[in-house]
Amino acid sequence: MTEGGKKKILVLNGPNLNMLGTREPEIYGSETLADIEKNMTARAEILGYIIDFRQTNSEGKLIDWIQQTTIQQDSEKYSAILLNAGAFTHTSVAILDALQTVNIPIIELHLSNIFKREKFRHHSYISPAANGVICGFGGNSYILALEAAHHILNKV
Ligand code: CA2
């Protein structure tokens with residue numbers, strides 16, 4: 001919760017998502033990650049949240065950020081994690097282990113519909129730790145994930 005009384009939501013983006021909007025628009029859409037952050041921040045403001053939006057290409061950094069949510073002081077605490085782990089979704093037991101120590105809602109999200117794509121993308125190591133998964137709606141997956149977290153946090 002921030003000093004202004006708003007809940008904070010951590011939005012984590014994994015490898016290569018910094019390249020959004022530069023290629024493969026037929027799969028990922030034409031929005032950049034900055035566009036997505038802007039749209040999310042606008043929606044979050046209406047719903048009464050502060051968004052902390054981050055991207056890294058490093059698996060270790062993602063794990064550090066996830067771990068920090070479990071050790072933060074009250075004033076710094078996050079209310080939910082929204083996670084697009086990129087390709088680590090399909091490879092990382094270490095991210096699953098980190099998520100399993102978290103006791104706030106976790107929404108896994110993807111821009112593309114991973115089930116419509118190559119078979120190796122059909123399996124997610126991280127889904128068992130998530131409250132739910134949203135995929136296939138392009139940049140709008142982020143807004144839908146935020147709405148999902150809002151529903152969980154407000155039990156509506
Ligand atoms: O659909 C998603 O959001 C993914 O998490 C994106 C990952 C992919 O490995 C997952 O299977 C599904 C890849 C992100 C890379 O995005 C790029 C976008 C444009 C140009 C280059 C990379």
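Every number for a ligand or one of its atoms is a count from 1 in the order of the listing. Computation of the quantities below employed the complete heavy-atom set of this structure, encompassing side-chain atoms and omitting hydrogens, waters and symmetry-equivalent molecules.
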Undergrad: Among all protein heavy atoms, pick the one closest to atom 8 (C) of ligand 1 and tell me residue, atom and distance.
TA: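 Nearest protein contact, heavy atoms only, for atom 8 (C) of ligand 1 is R121 NH1, 3.2 Å.
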Undergrad: Do L17 and L111 have side chains that approach each other closer than 4.5 Å (heavy atoms only, starting at C-beta)?
TA: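 Side chain of L17 against side chain of L111, heavy atoms only: contact under 4.5 Å found.
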Undergrad: Is a side-chain donor-acceptor pair under 3.5 Å present for T89 with E108?
TA: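 Not at all, the side chains of E108 and T89 share no donor-acceptor pair under 3.5 Å.
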Undergrad: Which protein heavy atom lies closest to atom 14 (C) of ligand 1, and at what distance to 0.1 Å?
TA: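 Nearest protein contact, heavy atoms only, for atom 14 (C) of ligand 1 is L17 CD2, 3.8 Å.
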Undergrad: State, with a plain yes or no, whether a side-chain heavy atom of D97 is found less than 4.5 Å away from one of V93.
TA: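 A side-chain contact under 4.5 Å exists here.
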Undergrad: For the residue pair K7 and Y49, would you count it as a cation-pi contact if the rule is NZ or CZ under 6.0 angstrom from the ring centre and within 45 degrees of the ring axis?
TA: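 The answer is no; the distance or angle limit is not met.
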Undergrad: Students should be able to answer this: which protein heavy-atom is nearest to atom 15 (C) of ligand 1, and at what distance?
TA: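 Here the closest protein heavy atom is N16 CB, 3.6 Å.
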Undergrad: Considering only the protein, which heavy-atom contact is closest to atom 1 (O) of ligand 1, and what is its distance?
TA: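 Of the protein heavy atoms, S112 OG, 2.5 Å lies nearest.
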Undergrad: Starting from atom 11 (O) of ligand 1, locate the nearest protein heavy atom and write down its residue, its atom name and how far away it is, to 0.1 Å.
TA: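 So the nearest neighbour among protein heavy atoms is H90 NE2, 2.7 Å.
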Undergrad: Determine, considering heavy atoms only, which of N18, N84, L33 sits nearest to atom 5 (O) of ligand 1.
TA: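 Ranked by closest heavy atom to atom 5 (O) of ligand 1, first place is N84.
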Undergrad: Does the side chain of I114 reach to within under 4.5 Å of the side chain of V133, using non-hydrogen atoms?
TA: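 Side-chain contact under 4.5 Å: no.
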Undergrad: For ligand 1, which atoms have a heavy atom of L111 less than 4.0 angstrom away?
TA: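 In order of number, 1 (O), 2 (C), 3 (O).
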Undergrad: List the closest protein heavy-atom neighbour of atom 19 (C) of ligand 1: residue, atom name, distance to the nearest 0.1 Å.
TA: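 Its nearest protein heavy-atom neighbour is R23 O, 3.3 Å.
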Undergrad: Looking only at protein heavy atoms, identify the closest one to atom 18 (C) of ligand 1 and say how far it is in Å.
TA: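 Closest protein heavy atom to atom 18 (C) of ligand 1: Y28 CD1, 3.4 Å.
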Undergrad: Can you tell me if T89 has a non-hydrogen atom under 4.0 Å from ligand 1?
TA: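 No, T89 has no heavy atoms under 4.0 Å from ligand 1.
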Undergrad: Measure the distance from atom 4 (C) of ligand 1 to every protein heavy atom, then report the residue, atom name and distance (to 0.1 Å) of the closest one.
TA: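 Of the protein heavy atoms, H110 ND1, 3.8 Å lies nearest.
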Undergrad: Under a 4.5 Å cut-off applied to non-hydrogen side-chain atoms, are Y125 and L99 in contact?
TA: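 No, their side chains stay 4.5 Å or more apart.
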Undergrad: Side chains of Q55 and N57 only: does a donor on one sit below 3.5 Å from an acceptor on the other?
TA: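 Distance-only check passes for Q55 and N57.
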Undergrad: So, the side chain of H151 versus the backbone of L146: is there a donor-acceptor pair under 3.5 Å, distance only?
TA: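 No: the side chain of H151 does not pair with the backbone of L146.
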Undergrad: Can you name the atoms of ligand 1, numbered from 1 with element, that are less than 4.0 Å from a heavy atom of A87?
TA: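 Near A87, the atoms of ligand 1 are 9 (O).
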